[in-house]
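Just so you know, ligand 1 is whichever comes first in the structure, and atom 1 is the first atom listed for that ligand. For this chain, numbers begin at 1 and follow the sequence in order.
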Amino acid sequence: MKKITLPYHSVLSRPTFVYGVATSSFQIEGDIAGREPCIWDTFCEQPNTIKDNSNGDTACDHIHRWQDDVDLICELGVDAYRFSIAWGRVIKANGEINHTGLNFYIKLVEALAKRGVQSHVTLYHWDLPQYLEDKGGWLNRETAYRFADYAGVVADALGSKVSSIATLNEPFCSAYLGYEAGIHAPGPQPHAGSRRKQGRQAAHHLLLAHGLALQLLRQRLSGQNAPQLGVVLNFSPCHPLTDSTADREAAEFAHQYHNLWYLQPMLTGTYPHIHNQLASADRPSIEPGDMDIINQPLDFLGVNYYTRTVFKANEQHGFSDVPATGDGLTTMGWEVYAQGLTEILLTLDRQFDNLPPIYITENGVATDDVCDKNEVNDVMRVDYFQSHLLAVHDAIEQGVDIRGYFAWSLMDNFEWAEGYTQRFGIVYVDYATQRRTLKNSAKALQQLFLARQSQHHAVEDIC
Ligand code: IFM
């Protein structure tokens, strides 16, 4: 079986570097009866939205199997587990708290803590309650205020028990894929302006939600047990297809549109300058004071990285992406491009002098896994983790402050518009029986984590 090895002097080998695995609520929980329906339940019911016509009704049935899943997480030897809370499992349509739902997360966090595993919580990983979508969803400014209310409830219940709270996961996907490209829930809305306008408006309200929630979390959670507060964003280096000026400008436009549109307002209170190049009808409505609310201090930035993106000029939209070709693509059709992780980390580090410490909050690959006699030999995933961990090492060596790494994902799960056709897990899920099997990549990571722990204990003994 292939192993993952790290340079032995690396920060990545130190006990203070946090290793974990990640999931999200809608992708694994199931149990729709225990929560309010969300935009993904509605989206899955529409024809031609999900590749295999599936939904999240059962997913990995984590709600019923969470104790076994906690055992699995602990068996891996991780320091931390990153998961999200389903807003609609915690706040009912009438605004009351769903105590059964909230207790589920409290029990989960307590069970992890008992076994020495940190909880890293994300408040919003795309499952907006349908009752809020019915009032306009992220196109309605009020949703941002409801998000802050929800954040307050989670802060009171869990704030002192978790290591970190991230407001949003990948608002790019919620805004751009959801409203602008229309391939994710809820899809573009009739009578709400151009798609670009909808995408930009949704993004602005997500940013506002982030700022309002952070202000409130910061007020309520201080002192010794206060968790680190931050956000999780996805990044992909944007490369031009050719060296032509038009393609290079297209790649720069895409970089600002996709990578900087969220981080820059959070860190500086300003949108990237292509904001001014957009037609005025496509720009988001911004109220006085919004940018100051969005610009809150961050304790950490979560970076999700999967691949790079190549762009070419497109007269109508300014840029269009060029699908990857060639050998060695993942089953998502994505190129394996580990050096892109070092590149984007350095780019951000050089651009923002107030960049907070970074956690790699997602990194992983979908492959064609087959479970044969209880073995899944996912060599490509082992290689992927190996090369991307070395890319993190390179970024650290060049001065980027990176504190942890979370593999995406703990287990195979509902991959949004791809349904269950894509397997990102380090644990194989047989959906017919819900049986979990450690893939060889899980065993390789396990060896790495356990060896690091025993090294640490050995040093402690000597001291
Ligand atoms: O599965 C998703 C996750 O929900 C968000 N980041 C990207 C992953 C892989 O597409």
Could a heavy atom of His125 be found less than 4.0 Å from some atom of ligand 1?
yes

Can you tell me the protein heavy atom closest to [atom] and the distance?
atom                   : value
atom 1 (O) of ligand 1 : Glu415 OE1, 2.6 Å
atom 6 (N) of ligand 1 : Glu362 OE1, 2.5 Å
atom 8 (C) of ligand 1 : Tyr306 OH, 3.4 Å

Cut-off 3.5 Å, side chains only: do [X] and [Y] have a donor facing an acceptor?
X      : Y      : result
Ser25  : Ser84  : yes
Asp134 : Gln130 : yes
His204 : Asp290 : yes

Row check, Tyr428 ring normal vs Arg423 NZ/CZ: under 6.0 Å, within 45°:
yes

Using the ring of Tyr131 (Phe, Tyr or Trp, six-membered ring only), decide whether Arg146 places NZ or CZ under 6.0 Å from its centre and within 45 degrees of its axis.
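No cation-pi geometry.
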
Side chain, backbone, both or neither: which part of Tyr305 has a heavy atom under 4.0 Å from ligand 1?
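It is neither; nothing of Tyr305 touches ligand 1.
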
At under 4.0 Å between heavy atoms, which part of Gln422 makes contact with ligand 1: side chain, backbone, both or neither?
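Neither part.
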
Please determine if Trp416 has a nitrogen or oxygen closer than 3.5 Å to a nitrogen or oxygen of ligand 1.
yes

